[in-house]
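Inspection log for the structure reproduced underneath, given as structure tokens.
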Amino acid sequence: MNLSVAEEESAQEIHLPAEIDWQMLDKSKFFFLGAALFSGVSASLYPAVVLKTRQQVAQSQISCMKTAFSMVRHEGFRALYRGFGTSLTGTIPARALYMTALEVTKSNVGTATVRLGLSEATAATLANAAAGLSAAMAAQLVWTPVDVVSQRLMVQGCRNSKLPNASACKYLNGVDAFRKILRTDGPRGLYRGFGISILTYAPSNAVWWASYSIAQRLVWGGVGCYNTKKDDRINNKNGVSTFTPNSKTVMAVQGVSAAMAGGVSALITMPLDTIKTRLQVLDGDENGRRGPTTVGQTVRNLVKEGGWTACYRGLGPRWASMSMSATTMITTYEFLKRLSTKTQEVLTL
């Protein structure tokens with residue numbers, strides 16, 4: 001991949017490593033290594049997800065640090081990882097579906113848009129957006145039930161924060177929660193909030209991947225302008241300066257671009273995520289009868305509790321979580337693709 005950057009009368013061409021597409025990957029290695037690498041990423045970021053969930057279901061605004069200290073003091077450090085086993089178990093198949101849909105869609109849409117005569121930048125942005133959309137929709141088939149169970153476990157045992165109409169059931173572990181939800185609410189209980197999850201994650205992923213594609217070009221443009229002044233690192237050909245970045249520079253640019261895209265996506269989709277979390281964790285209480293709440297009831301309760309800003313409770317942890325997750329995810333993902341690339345001999349067969 002080449003990027004061209006112009007600065008006044010000088011021209012800069014950046015030679016990036018070739019894109020690794022679906023056909024170039026060793027699938028067994030890709031999925032096996034991916035499960036191991038992303039499990040580590042999930043473990044490091046899980047406490048932020050727990051804090052975000054606690055803040056979203058609380059009736060009053062409580063700071064992230066106060067929530068964390070309260071949890072550790074009253075429930076122990078393990079409370080920050082409550083539901084992690086369930087989440088990790090579901091992450092592996094969900095990630096497999098996500099990565100498959102992502103790579104297949106990106107490859108096919110990218111090829112189709114180039115054939116339509118669109119520019120490389122436009123084709124890449126559209127392909128990334130479509131890939132993020134399809135990947136999120138595929139992953140939610142597995143992830144929604146896992147999300148419902150793990151979030152019920154996350155908020156269980158909370159003492160200081162009032163949880164309005166929280167489920168009265170007490171769960172021993174993820175399997176026990178799965179059985180009780182299935183027995184009480186049926187299969188629909190495990191897919192509570194599925195529609196709002198699609199409305200949250202599908203656009204969020206589309207925005208993230210499209211923003212990531214644009215952010216990469218912006219960041220590489222800045223890198224190119226900076227390096228036009230570094231004659232000792234640039235080769236001049238026909239009046240055009242060429243620059244080939246090393247692997248560390250490529251990973252740094254990918255990480256910065258991912259963090260930028262993650263922040264934008266978190267801000268745009270935060271209200272939907274708050275509504276989704278409450279739908280999956282809390283029960284309604286109308287006419288003395290408890291049961292699943294609706295989107296309208298959830299929004300009214302949020303506005304009643306703290307105005308429209310209540311929809312942004314947990315924004316800090318979610319922003320941090322999505323930015324860090326995006327940075328670690330994309331660098332891990334690109335590293336995984338390089339590790340899983342077929343050998344040249346296999347590719348030529």
Side-chain angles (χ1 to χ4, degrees), residues 34 37-56 61-68 80-81 84 87-88 91 94-95 98-99 102 124-125 128-129 131-133 135-136 139-140 143 147 150-151 154 197 199-223 248-277 309 311-337:
L37 290 172
F38 284 112
S39 293
V41 171
S42 297
S44 64
L45 298 174
Y46 193 76
V49 178
V50 175
L51 291 174
K52 182 267 299 183
T53 303
R54 287 289 185 99
Q55 286 189 294
Q56 286 178 321
Q61 180 66 43
I62 304 174
S63 70
C64 179
M65 294 301 295
K66 186 175 180 179
T67 302
L80 295 173
Y81 280 89
F84 177 67
S87 178
L88 185 61
T91 294
R95 284 284 187 189
Y98 185 94
M99 292 188 294
L102 181 75
T125 301
N128 276 280
L133 190 70
Q140 282 306 309
W143 187 248
D147 214 18
S150 62
Q151 287 183 143
M154 286 179 196
S197 293
L199 290 176
T200 300
Y201 291 120
S204 175
N205 271 264
V207 169
W208 189 91
W209 282 102
S211 300
Y212 173 68
S213 179
I214 295 170
Q216 267 208 102
R217 290 188 170 272
L218 291 174
V219 175
W220 276 122
V223 171
K248 290 183 179 179
T249 303
V250 173
M251 289 185 66
V253 171
Q254 289 172 342
V256 171
S257 303
M260 292 168 61
V264 171
S265 182
L267 185 63
I268 292 174
T269 60
M270 185 65 205
L272 288 173
D273 187 70
T274 300
I275 295 168
K276 174 196 72 69
T277 299
T309 57
C311 294
Y312 282 88
R313 284 178 186 162
L315 177 61
R318 186 167 190 257
W319 183 294
S321 175
M322 286 192 68
S323 295
M324 290 188 294
S325 177
T327 301
T328 53
M329 186 274 287
I330 201 64
T331 52
T332 301
Y333 188 64
E334 295 293 347
F335 178 64
L336 169 64
K337 288 172 70 174

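As a basis for the values below, the full set of heavy atoms in this structure was taken, side chains included, without hydrogen atoms, waters or symmetry mates.
- By the salt bridge (Lys or Arg N to Asp or Glu O under 4.0 Å) test, R95 is found to be paired with no residue, residues two or more places apart in sequence or in another chain being considered.
- Nearest heavy atom pair, residue V50 against residue L80, reads CG2-O, 3.3 Å.
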Could you tabulate the donor-acceptor pairs under 3.5 Å formed by side-chain atoms of residues 255-262, not counting sequence neighbours?
{"from": "S257", "atom 1": "OG", "to": "V253", "atom 2": "O", "distance (Å)": "2.8"}

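- T274 pairs by the side-chain hydrogen bond (donor to acceptor under 3.5 Å, both in side chains) definition with Q56, not counting sequence neighbours.
- Counting only heavy atoms from C-beta outward, the side chains of M270 and C311 never approach each other to under 4.5 Å.
- Distance CG/N205 to CG/L133: 8.5 Å, rounded to 0.5 Å.
- Within the model, atoms CE of M154 and OG of S87 stand 6.0 Å from one another, a figure rounded to the nearest 0.5 Å.
- Here the straight-line distance linking atom CZ of R313 with atom OG1 of T277 works out to 13.0 Å at 0.5 Å rounding.
- The aromatic rings of F84 and Y81 stand perpendicular to each other, their planes meeting at an angle above 60°, with 30° marking the opposite boundary.
- Rounding to the nearest 0.5 Å places NZ of K52 at 12.5 Å from CG of L45.
- Applying the side chain to side chain contact (heavy atoms under 4.5 Å, CB included) rule to S213 yields the partners A124, T125, N128; only residues at least two apart in sequence or on another chain are considered.
- Partners of Q140 by side-chain hydrogen bond (donor to acceptor under 3.5 Å, both in side chains), not counting sequence neighbours, listed by chain and number: T144.
- By the side chain to side chain contact (heavy atoms under 4.5 Å, CB included) test, A48 pairs with S321, sequence neighbours left out.
- Side-chain contact between V264 and W208: absent, with no pair of heavy atoms (C-beta onward) separated by less than 4.5 Å.
- Contacts of D147 classified as salt bridge (Lys or Arg N to Asp or Glu O under 4.0 Å), with partners at least two apart in sequence or in another chain: K276.
- In this view, A139 and Y98 satisfy the side chain to side chain contact (heavy atoms under 4.5 Å, CB included) rule, not counting sequence neighbours.
- Among all heavy-atom pairs drawn from P47 and A43, the shortest one is CD-O, 3.9 Å.
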How far apart are the C-alpha atoms of L336 and M99, what are their side-chain angles, what is the distance that settles it, and do they pass the side-chain contact (heavy atoms from CB on, under 4.5 Å) test? CA-CA 11 Å; L336 169 64; M99 292 188 294; 4.1 Å; yes
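- Applying the side-chain hydrogen bond (donor to acceptor under 3.5 Å, both in side chains) test to S265 and every residue at least two apart in sequence or in another chain returns S204.
- Rounded to the nearest 0.5 angstrom, T67 OG1 and R54 CZ are separated by 8.5 Å.
- In plain terms, the two heavy atoms of I268 and P271 that are nearest each other are O-CD, 4.0 Å.
- In this structure a side-chain-to-backbone donor-acceptor pair under 3.5 Å is missing from D273 to T269.
- Between W209 and L102, the shortest heavy-atom distance links the atoms CZ2-CD2, 3.5 Å.
- Applying the ring pair (Phe, Tyr, Trp, His ring centres under 6.0 Å) test to Y312 and every residue at least two apart in sequence or in another chain returns nothing.
- With sequence neighbours excluded, the residues satisfying side chain to side chain contact (heavy atoms under 4.5 Å, CB included) with A320 are M324.
- The CE atom of M251 sits 7.5 Å away from the CZ atom of F335 when rounded to the nearest 0.5 Å.
- Remark: T331 pairs with no residue by the side-chain hydrogen bond (donor to acceptor under 3.5 Å, both in side chains) rule, at least two apart or across chains.
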